[in-house]
Amino acid sequence: MSRPNAVRGRLTLLLTALLLGVSSALAPALPADAAPARNRHGHGQGYGYKHGHGLRLDARPAHPADAAEPADTYWTPQRMRAARPAPASKTTGAPRPTTTPTPPPTTPPSHPFDGLPQVGTFFWTDGSNTGRFCGGTVVRSPHRDLVVSAAHCLRSPDPKRHLSFVPQYHDGLKPHGIYPVERIYLDQRYYDLGTNAGARWDYAVVRLGTREDGAEVEEVTGGFDLLPYPGYGHRNVRLIGYPGSKDTTHPKPLDCTSSTHRYTSTDPAAPGDFLEISCAGYIGGTSGGPFLVRDFTGYALIGVIGGYHTGGDFPDVSYSSYFTVDTLALYLHAVHGDPPATPRQGV
């Protein structure tokens, strides 16, 4: 990432944060039957909906069995290894072309490694009790408890039991412990429009609870800067993803460095401009993995695998929604503890 882009992204972050300081003006409208509780930071914590719409986002268990078995105990190495990608991934969802093109010879290879402390995996079980996973990245925040992922991983209102985040997951290990999910922030337009028409907003900000010993995730792992409007052209972008398929086991994340450019969708059902990157082997399961560029403090997050066709049609080309003021507004909602958007009835 060039120095002008880093400066521009950081200034945009600061200036926009000032402009959006009164976040109540941007907060999503609540149903009339929603009633807030409070969390450990004194922010709104969990809203109950009589009609059962939206995700269970508060710190209370989503199922009675969850209270009897803590996430740290439930997510054994065997269960984590057996988890499957979130349903809307690079191998499912929107219709795909019937033939796969030959990857260009310049596609950079990826290689497995033990990961970074700031990058990890969300694990949960779905309504059929199938283990699921999706990637996420810890970003710097005042309360040190925020992770950014792909919205298509977490959009479904189906029950998500044992929903937790494992930083630097690899080889069935939890090197920094496990953190329960408290709240999930998605743009209301993504709920309303869906994974194709809403592809420009395919990102999520997730607020975590503390580890069993009371530590916040960023206190343990550190975090990366979140940069809106980073520009499309970057020469050295690090792409990290957690692949998985029914045919093989991938106990480690993949790492690749490549360049990005602007891709304008030609699919009228999935409009928008996206970051595009070529890296070999990013199959289903890598959704939510970070696009990282160097900045003054180490790395900055400029995208997550998702967006156009939930991350792309083929393993060697991946996409990200472009981070804008909408991304920053979602981040500020999470920082302030505002009530999250939820699926509308009938949508």
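These numbers come from the heavy atoms of this one structure, side chains and all, not from hydrogens, waters or symmetry mates. Throughout, numbering of the chain's residues begins at 1 and tracks the sequence.
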Can you name the one residue among N196, D202, T310 that meets side chain to side chain donor-acceptor pair (under 3.5 Å) with H152? D202
Using only atom types and a distance under 3.5 Å, with no angle test, would you say the side chain of D171 pairs donor to acceptor with the backbone of L173? no
Do F133 and P85 have side chains that approach each other closer than 4.5 Å (heavy atoms only, starting at C-beta)? yes
Are side-chain heavy atoms of W124 and L154 found at a separation under 4.5 Å? yes
Just to verify, which of F291, Y203, Y331 counts as forming a side-chain contact (heavy atoms from CB on, under 4.5 Å) with F323? Y203
Show me the side-chain donor-acceptor pairs of residues 108-118 shorter than 3.5 Å, one per line, residues at least two apart or across chains.
from : atom 1 : to   : atom 2 : distance (Å)
S110 : OG     : A280 : O      : 2.6
H111 : ND1    : D255 : O      : 3.4
D114 : OD1    : K252 : NZ     : 2.5
Q118 : NE2    : T221 : O      : 3.4

Just checking R132: does its CZ atom have more than 12 heavy atoms from other residues, nucleotides or ligands closer to it than 6.0 angstrom? yes
Atom pair CG/NE2 of D72 and H162 - distance to nearest 0.5 Å: 12.5 Å
Roughly how far apart are C134 SG and F165 CZ, rounded to 0.5 Å? 10.5 Å
Considering only heavy atoms from C-beta outward, does the side chain of P167 approach that of V217 to under 4.5 Å? yes
Quick one: closest heavy-atom pair of L332 and D338, and the distance? O-OD2, 4.4 Å
Would a line drawn from the ring center of Y169 to the ring center of F123 be shorter than 6.0 Å? yes
Could you tell me if the side chain of T130 sits less than 4.5 Å from the side chain of R84, heavy atoms only? yes
Report yes if some heavy atom in the side chain of P339 is under 4.5 Å from a heavy atom in the side chain of R183; otherwise report no. yes
Quick one: do L275 and V325 end up in the same hydrophobic cluster if we chain Ile, Leu, Val, Met, Phe, Trp and Tyr together by side-chain heavy atoms under 4.5 Å apart? yes
Can you tell whether the side chains of D326 and R200 come within less than 4.0 Å, N to carboxylate O? no
List the steps and the verdict of side-chain contact (heavy atoms from CB on, under 4.5 Å) for F122 and L208. CA-CA 11 Å; F122 288 99; L208 303 180; 4.1 Å; yes
Is there a donor-acceptor pair under 3.5 Å between the side chain of R211 and the backbone N or O of H176? yes
Residue pair V293 / P230, side-chain heavy-atom distance below 4.5 Å: no
Are there over 12 heavy-atom neighbours, none belonging to E212, within less than 6.0 Å of that residue's CD? no
In Å, rounded to the nearest 0.5 Å, how long is the span from CD1 of I305 to OG of S321? 12.0 Å
Of all heavy-atom pairs between G303 and S320, which one has the smallest distance, and what is that distance? CA-OG, 3.1 Å
Nearest 0.5 Å, please: how far is CZ in R140 from OG1 in T297? 3.5 Å
Of Y308, Y322, Y232, the one forming a ring pair (Phe, Tyr, Trp, His ring centres under 6.0 Å) with Y263 is Y308
With side chains defined as the heavy atoms from C-beta onward, is the minimum distance between C256 and Y282 less than 4.5 Å? yes
Side-chain heavy-atom pair R161, N129 within 4.5 angstrom cut-off: yes
Does G131 offer a backbone N or O that forms a donor-acceptor pair with the side chain of R79 under 3.5 Å? no
Quick check: closest heavy atoms across F274 and S265, and the distance to 0.1 Å? CE1-CB, 4.0 Å
